[in-house]
Amino acid sequence: MTAVVQAEGLTKYYGKRRGLEDLTLEIQPGEIFGYLGPNGAGKTTTIRLLLDVIRPTRGLVRVLGADPREPAIRSRIGYLPGELALEGRDRARDYLRFLGRVRGGVPDARIDALAERFDADLSVPMRKLSKGNKQKVGLIQAFMHEPEFLILDEPTGGLDPLVQQEFLALVREVRTSGRTVLMSSHVLAEVESVSDRVGIVRAGRLVAVENVAALREKAVRRVELHFESPVPRAAFEDLPGVRDLRVEGASVSCTIDGRPDALIKAAARFTVVHLVSAEPDLEEIFLTYYSDEERHHDRQESA
Amino acid sequence: MIAKSLRDYRRALIWWTIGISAFLTLYLSIYENVRQDPATFNAQAMAKFPGALRDLMGGMGDLSVGAGYLQSVVYQLFVPMLFIVCATLLAHRAIAQPEEAGTLELVVTLPVDRQRLVLQRFVALAVALLAVAVVTFGVVWAVGESVQIGVPFDRMLAAQTGVFLLGLFCGTVALTVGAATGRKTIASAVVGVWVVAGYVVVTVGRSVEAISWLKWVSPFHYYTEGRPLYEGLPVGDYLVLAGATAVLVLTAVLAFDRRDIGV
Ligand SMILES: Nc1ncnc2c1ncn2[C@@H]1O[C@H](COP(=O)(O)OP(=O)(O)O)[C@@H](O)[C@H]1O
Ligand SMILES: [Mg+2]
């Protein structure tokens, strides 16, 4: 199977300003790829290169197996720009219909169904749309022709939580149907629940690509167990992955690295009345993980 | 795509057509009085426009003759300028304006070839301008008839064709600069300088040795030199205007195809 995105040494300079440096990345069909980085990292630059809005200074890029310059592949892509501008007296619905026609036809029913899911009013002239509604129209146009590949630049910006949930549900449906998504964000929390892999860009460079499931396994989690009667400390000591153990009467708290399996089996010998496990903050792990890595890297370079 | 552009231009087109038609009707209906009392009017006009200003108005022929009046009052300065401004504003809407507003980004990611996009926008501009030219021609003709201006249909049509070609040329300059730079102000500036300098060169400047050769690059040279109202369709001159427009469109297509959008 050919990769949906294939970039090799992809570099973009705006005059002297660096936009993106030496990006090498492959995104496989059916994958949801979260593209993370602080503002100005180079996310939008990467995305615009994939869509041939801007042209690379150096390097190679192929999208859906073709050169992004080929217009035909763009009908197989859905794109939500990072700074979406919608203007004019046209009603949103008419504009969506127009986009649909140019992309080879989209049934009205599909537009309506999406509008209903996002609770978007399409009878409003575009210049009168609020920021949130513009973003909804942007999402509808990206999804409406059921593209093989969705490129979404900061899709959740300006959406209220309910619509965000609906959006994430839609992304999951896209994955179920075997299609591919690249979505950028500056916070991991927004994309971690749907992403298969995440890549981190900083100052124009891709510094890491990680599997989200693997990351979760690595995650440090705080766990609290409450038992019916006091438990001996010895029963929980030296379990693999268990750290910061505290046993106080009938309650045990600790952090676990990776799988909670050993802890659960140890606890199963007693009567558990209550269990609390906080969701790990992947972002934090990620950032500490990679700032360590960077420090390591810096040390190597200075050596 | 073309239909969509035209629909977007609709409102502006209606207003421009109404405006130009009103201007034409107003000025042509005065001709009735001029015809009845030519001596006073010519004298008044001479007094109102002293030497250099008269040059700027293209010399001003005998205003009491239909063709002279039509040329000086309608086809010399005001109507061409209205067409040029109209064409330039429409041309901005092809590339530069949507690019500055950010709406072009989504359009260039549609499955449409960039070269084709520029061509379509040019065709929309040409069709829109043609519509204005056709309707206003109807107005010139009808009002001209009613005040007995006495200029044959084909001569009038020749002059109107010239206005259309001139407007289209200037609009295409704006479109091309916009397609190459993505900036409205640069496009307007280029059109403005070219038009004003070009006009001065063929009027006041025609007697100034040092700059008179510049008339070859002035669009007005090809517009007025053939005196269409008196002598009919100046085929050669108009072909130069049309050819220059075609070259500009080609430039626009190539320039737009090569560059980054929205940077
Ligand atoms: N049009 C531009 N002209 C000059 N520099 C730009 C332009 N667009 C982006 N940049 C620079 O490129 C870098 C990456 O920007 P961008 O890709 O927009 O980041 P992100 O989308 O991750 O916030 C930034 O340093 C930014 O200043
Ligand atoms: Mg961005």
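Both backbone and side-chain heavy atoms feed into the values below; hydrogens, waters and symmetry mates do not.
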Partner chain B: residue of A:G138, A:P71, A:A85 with the largest heavy-atom pair count (under 4.5 Å): A:P71
A:R101 side, atom CZ; B:L110 side, atom CG - distance, nearest 0.5 Å: 11.5 Å
Side chain, backbone, both or neither of B:V108 within contact of chain A (heavy atoms, under 4.5 Å): both
Pairwise side-chain contact, B:E105 with A:E83, heavy-atom cut-off 4.5 Å (strictly under): no
From A:E87 atom CD to B:Q97 atom CD, the distance as rounded to the nearest 0.5 Å: 8.0 Å
Which portion of A:F98 sits near chain B, non-hydrogen atoms under 4.5 angstrom: side chain
Close side-chain approach of B:L106 and A:L99, heavy atoms under 4.5 Å: yes
Proximity breakdown for B:D8 and chain A, heavy-atom pairs closer than 4.5 Å: side chain
Side chain, backbone, both or neither of A:D90 within contact of chain B (heavy atoms, under 4.5 Å): side chain
Student check: side-chain heavy atoms of A:V102 and B:K4 closer than 4.5 Å: no
Contact origin within B:R7 toward chain A - heavy atom pairs under 4.5 Å: side chain
Heavy-atom proximity to chain B below 4.5 Å, by part of A:E70: neither
Structural part of B:R11 lying under 4.5 Å from a heavy atom of chain A: side chain
CZ-CZ distance between B:R258 and A:R55, expressed to the nearest 0.5 angstrom: 9.5 Å
B:D260/A:K12 salt bridge by N-O under 4.0 Å criterion: yes
